[in-house]
S.K.: 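For reference, the structure I am asking about is given below.
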Amino acid sequence: MAQETLNSLIAVMKTLSFQEQEQVIIELQDNIIRNAPKYEPTEEQKARLRAAYQQAQAGEVYSQEDAHRMMDEYEPAEYSMAV
């Protein structure tokens with residue numbers, strides 16, 4: 001579509017009521033989602049997912065609360081002082 005035609009279409013859409021503009025946006029978003037290319041995960045992504053799943057099955061994971069607690073308890077060496 002030529003840029004001039006697209007600009008004219010947008011100008012017409014701006015003259016619509018608020019509700020009509022919302023409807024146009026919703027329909028365009030639905031169309032974009034339906035027509036967007038579907039990407040398959042890469043082999044690297046699949047391998048990382050398998051590794052994460054195996055770690056979870058082996059219990060080698062921390063809950064979010066544990067991770068936050070450990071971050072709060074972490075004290076870099078340069079901040080520690082000998083008394």
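We count residues from 1, following the sequence as given.
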S.K.: List the residues meeting side chain to side chain donor-acceptor pair (under 3.5 Å) with Gln21, not counting sequence neighbours, and say none if there are none.
M.R.: none

S.K.: Assigning hydrophobic clusters by single linkage (Ile, Leu, Val, Met, Phe, Trp, Tyr; side-chain heavy-atom cutoff under 4.5 Å), is Leu9 placed with Val24?
M.R.: yes

S.K.: Heavy-atom count check: over 12 atoms from other residues, nucleotides or ligands less than 6.0 Å from Glu60 CD?
M.R.: yes

S.K.: Could you pull out all residues at least two apart from Glu20 that satisfy side chain to side chain donor-acceptor pair (under 3.5 Å)?
M.R.: Ser17

S.K.: Could you measure the distance from the CD atom of Gln45 to the CZ atom of Arg50? Nearest 0.5 Å is fine.
M.R.: 11.5 Å

S.K.: Would Leu16 end up clustered with Leu28 when hydrophobic side chains under 4.5 Å apart are linked, directly or stepwise?
M.R.: yes

S.K.: Could you pull out all residues at least two apart from Asp66 that satisfy side-chain contact (heavy atoms from CB on, under 4.5 Å)?
M.R.: Tyr62, Ser63, Arg69

S.K.: Other residues, nucleotides and ligands only: do more than 12 of their heavy atoms fall within 6.0 Å of CD on Glu73?
M.R.: yes

S.K.: Quick one: do Gln23 and Glu27 satisfy side chain to side chain donor-acceptor pair (under 3.5 Å)? Show the steps, please.
M.R.: CA-CA 6 Å; Gln23 185 62 36; Glu27 290 187 27; 2.7 Å; yes

S.K.: For a quick test of reading the model, state the closest non-hydrogen atom pair linking Ile33 to Lys38 and the distance between them.
M.R.: O-NZ, 3.3 Å

S.K.: When rounded to the nearest 0.5 angstrom, what distance separates CD1 in Ile25 from CD1 in Ile32?
M.R.: 10.5 Å

